There are 2 protein chains.
Amino acid sequence: MPTYTTTPEIDTLLQQANAATMRFKKTTILQRAELMHHIADAIEALDETLLQTAQQETNLPIARLASEKARTVFQWRSYADALASGNVLPVRIDTALPNRMPAPKPDLRKTYLPIGIVVVFCASNFPFAYSTAGGDTASAIAAGCAVVVNAHSAHVKTSTIMASAIAAGIEKAGYDKALFSHVVSNGFENGKYLVQHNLVKAVGFTGSYAGGKALYDIAQQRQQPIPVFAEMGSVNPVLVLPEKLKANPQKLAEQYASSLTLGVGQFCTNPGIIIVPDIPETNELLEVLANEITGTQPAAMLHSGIAESFHKNKATAIAQADVTVVAHAPYTAASDGNAIVALINSKNFMANKVLTHEVFGPFGLVVKYTSVQDAAAVIESLEGQLTATVWAEAEEAAANEDLINSLSEKCGRVIFNGFPTGVEVCYAMQHGGPFPAATDSRFTSVGPDAIKRFARPVSYQNWPDNLLPDELKNNNTLKIWRTINNQLTQEDVSV
Amino acid sequence: MPTYTTTPEIDTLLQQANAATMRFKKTTILQRAELMHHIADAIEALDETLLQTAQQETNLPIARLASEKARTVFQWRSYADALASGNVLPVRIDTALPNRMPAPKPDLRKTYLPIGIVVVFCASNFPFAYSTAGGDTASAIAAGCAVVVNAHSAHVKTSTIMASAIAAGIEKAGYDKALFSHVVSNGFENGKYLVQHNLVKAVGFTGSYAGGKALYDIAQQRQQPIPVFAEMGSVNPVLVLPEKLKANPQKLAEQYASSLTLGVGQFCTNPGIIIVPDIPETNELLEVLANEITGTQPAAMLHSGIAESFHKNKATAIAQADVTVVAHAPYTAASDGNAIVALINSKNFMANKVLTHEVFGPFGLVVKYTSVQDAAAVIESLEGQLTATVWAEAEEAAANEDLINSLSEKCGRVIFNGFPTGVEVCYAMQHGGPFPAATDSRFTSVGPDAIKRFARPVSYQNWPDNLLPDELKNNNTLKIWRTINNQLTQEDVSV
């Protein structure tokens, strides 16, 4: 039984974090980048205990956890390097024109300040990369914010080990340990208390729609509303065009089954819906898919609550009118996610909103369409998504440009002849999307641009050079790219 | 009496706008920049009728309106040029690493799509620059969005003329006129209907806290919440340090009075609070200020509602305990704003939240502090601001760095030895600030970065070059700056 954090303890942590931020906000992007590498070092140095603990708490295989640990370290390092380049929080400088008519132009220089203390809610399905020391925490520290992590109840021990690594990194770099706090909660109350707290200025969340939306609403109902970036998953539709299907139905079925069942389907980018033409080759696709799914070895899901929801939501979906089951892997245990694929035609699919809801786990719904227009209507009927995928031959893609473009209207990332699972950590990643995939489609939660969520611009007008933050001073000592009088440059400001 | 738009008409306008957006979103940033210059041309070509109409509707002088018209044209042109440079909506490209172990890296390319239809609420105090053809409309068109303007009831005729110029610019550039719609409302219901409408995806607003917060709440309570950028004004504190005051109390008083009464105090950046040390020179400051204020010629405010609120809020403020009136320009008419300055000490100021509320108009409150610690406490007690200003000698600024830095915590723009009125249109401007100055401190409503409010990033994974948006193609035909594999460059992608 973990020791739960009390609300008076939370008050103290937040007051200490606030005091620490007063000093931390004076750091340059280079200093924060250095701190982030120290934290990365400390995570990297964690021994096998981390992986074993996480394996016990999440049922995820050691190999997967090892690669997720490496990804987590890479996030800290790559966000640090991007931050240090000045390309994430871009500096803008407009120099004075004292003789401009009818009025002089002042000197204006814009940089970013931390938004304030950020509360991070951990994901159940990524105990490292989107939890305690995950992308939200790295983004917030990069922006200069103190962070309070609300540990996920399913992996508190893992979370505590990760928290100790962050603390070690902060200590090594010589900063105040209060920059990072770790809250262990019994139920929802601590999370609510944190989001309502006056000292908290932003929230990062990865998880279910119900959880994310609840926190979002609490944050908007505050006297001072605060931004919440909640990534709430989606069904990630895969649209298959006829020529591509005809070319190799077997390969497509195998690859779809593989993406659908990867990690027991416990990814927010899991391709829960595949939209296929009603042509003879679809039967072959379904046959191969049935074989693949039936042959999938069920495995334990992340925790009992997730397994319970999977079985319940799956049952709800296949109980809907006109849904038929294509294949169902054998039941092994209540804790296991046994893969399942079901089938419906486009008309019945569009008539039933229940079928557009995410079933978290290895559940795939095949939707048969009759024409390009019909496929377009299915896409149009969908809510906001993290990703959308199209499978097409080059010629039919070019011939169906409008249909393909309509996918980008619905999501944050569009994939061509691939699958959405596997979220690359890089500048060009967009992980987010129109509501309800995320609460703010203008931001990403993966890649260095995720830092922008927790920074706010501030302009300095006619400020003395010696009092400006380093990145705004005439001399470009940080050697970053800056926009000076409308031009990107690495030069100093000429005075 | 204007013809009011009905809700069925709004439905039709939004459906037409939505259809127009489907085509408009395929435009490149260069094409949209060209459209924006056409709109700027059309606004520039408007004759004296525009100024005369606006003068009649807003009581603003012709000279001020002429300069606001020029500012409006400049906004369209400078946002267009910034957009075309690629520096506002920065493209990120990460090329594939097919042989990377343990898994290949896909090709990912991120650009921005329009967020959807934007509703713009017009400001009473800027009939051109922050109304129908103002910064919000220019930002939304730049992002590729269709716009519906809800005309301000106080200047519907002006708004209608401006709407015709936008329509002319759109026609000249060869786009669908449904990209821009003009709604005339009788009361609040149309505005509410627009913000609740399923086809509307974002809102821009400039005006009062009450109005902005009401729209924000409506937008957050939708089934699909949408972003609202509301700029809601503030009291824009001016902090004066002792040595600066001692150096020239007369000049400071004159300049403060001038900024306070500029445009009958009807600017969101009006310096409503001046925080001064309790030293002998403060008496001279107050004497000069009293002379200046008493000698200010009252002038008609924007409309009767604003004048009524000014008189009421001013009376409320001076009726608070321990507030004394320093000077009050003579009453001339109910429609006029007669300037007033009042005085209070820091302790009583901090004890009364009513005094931190904006009194829109020429109302200034002098707050006397006793020490640096006391001044810091006054700053700390303030809510989020658009701007904060410090007056200091170079040496005392350097000696009080923490106090001066605390100003930046509270606002979007900090000014040194100047005044906040006069909002430069440039890259380095930040017009916004922590709540309640604005609803989202991470965005600005002035300067080209304002475009970011209405754009959302989308990543294309392994997409064929011929189907990519132009800005993402291998060949950099738009000649923009792009981040390719972590480096800013204007080169093509090497394949």
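Chain letters run A, B, ... following the sequence lines, proteins first and then strands; every chain starts at 1. Nothing here was measured: the structure is a model prediction, and the numbers come from that model.
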Measuring heavy-atom distances to chain A, does B:Pro457 have an atom under 4.5 Å in its side chain, in its backbone, in both, or in neither? both
Would you name the heavy atoms of B:Trp463 and A:Val390 that are closest together and state the gap between them? CH2-CG1, 3.8 Å
Top contributor to chain A interface from B:Glu401, B:Lys26, B:Lys105, B:Glu383 [non-hydrogen pairs under 4.5 Å]: B:Lys105
Flag if over 12 foreign heavy atoms under 6.0 Å of CD, A:Glu380: no
Side chain to side chain, A:Asn87 and B:Leu488, heavy atoms closer than 4.5 Å: yes
Given heavy-atom pairs under 4.5 angstrom as the criterion, report whether the side chain, backbone, both or neither of B:Ala82 touches chain A. neither
Counting only heavy atoms closer than 4.5 Å, note whether A:Asp440 contacts chain B via side chain, backbone, both or neither. side chain
Heavy-atom pairs under 4.5 Å with chain B, option from A:Pro227, A:Ala394, A:Pro225 with the top count: A:Pro225
Does any part of the side chain of A:Arg413, heavy atoms only, come nearer than 4.5 Å to the side chain of B:Leu108, both counted from C-beta? yes
What part of A:Asp402 gets closer than 4.5 Å to chain B, counting heavy atoms only: side chain, backbone, both or neither? side chain
Going through the distances and angles, do B:Ser85 and A:Asn486 end up as a side-chain contact (heavy atoms from CB on, under 4.5 Å)? CA-CA 9 Å; B:Ser85 74; A:Asn486 303 331; over 6 Å; no
Note: vs chain A, highest number of non-hydrogen pairs under 4.5 angstrom among B:Met22, B:Met429, B:Arg109, B:Lys452 is B:Met429
Using 4.0 Å as the upper bound for N to carboxylate O, is an ion pair formed by A:Glu424 and B:Arg100? yes
Taking the side chain as every heavy atom from C-beta outward, state whether A:Pro434 and B:Arg456 have any atom pair closer than 4.5 Å. yes
Please state whether the side chain, the backbone, both or neither of A:Asn466 comes within less than 4.5 Å of a heavy atom of chain B. side chain
Interchain contact, B:Val91 with chain A, by part (heavy-atom threshold 4.5 Å): neither
From CG (B:Asn462) to CZ (A:Phe419), nearest 0.5 Å: 12.5 Å
Return the option, out of A:Cys411, A:Ala398, A:Gly422, A:Pro106, with the maximum number of heavy-atom pairs under 4.5 Å with chain B. A:Cys411
Nearest atoms (heavy-atom pairs only) where A:Ala397 meets B:Leu467: CB-CD1, 3.5 Å
Measure distances from B:Trp481 to the heavy atoms of chain A and classify the residue's part below 4.5 Å as side chain, backbone, both or neither. side chain
Side chain to side chain, B:Asp107 and A:Phe416, heavy atoms closer than 4.5 Å: no
Do A:Ser441 and B:Ile115 make a side-chain contact, defined as non-hydrogen atoms from C-beta onward lying under 4.5 Å apart? yes
Heavy-atom side-chain proximity of A:Arg92 to B:Cys426 below 4.5 angstrom: no
A:Phe435 side chain near B:Gln223 side chain, heavy-atom distance below 4.5 Å: no
Proximity breakdown for B:Ile93 and chain A, heavy-atom pairs closer than 4.5 Å: backbone
With a 4.5 Å limit on heavy-atom distance, are the side chains of B:Lys110 and A:Asp449 in contact? yes
Neighbour count above 12 (heavy atom, 6.0 Å) for B:Gln224 CD: yes
Sort out for me which of A:Pro469, A:Ser408, A:Gly418 touches chain B most, counting heavy-atom pairs under 4.5 Å. A:Ser408
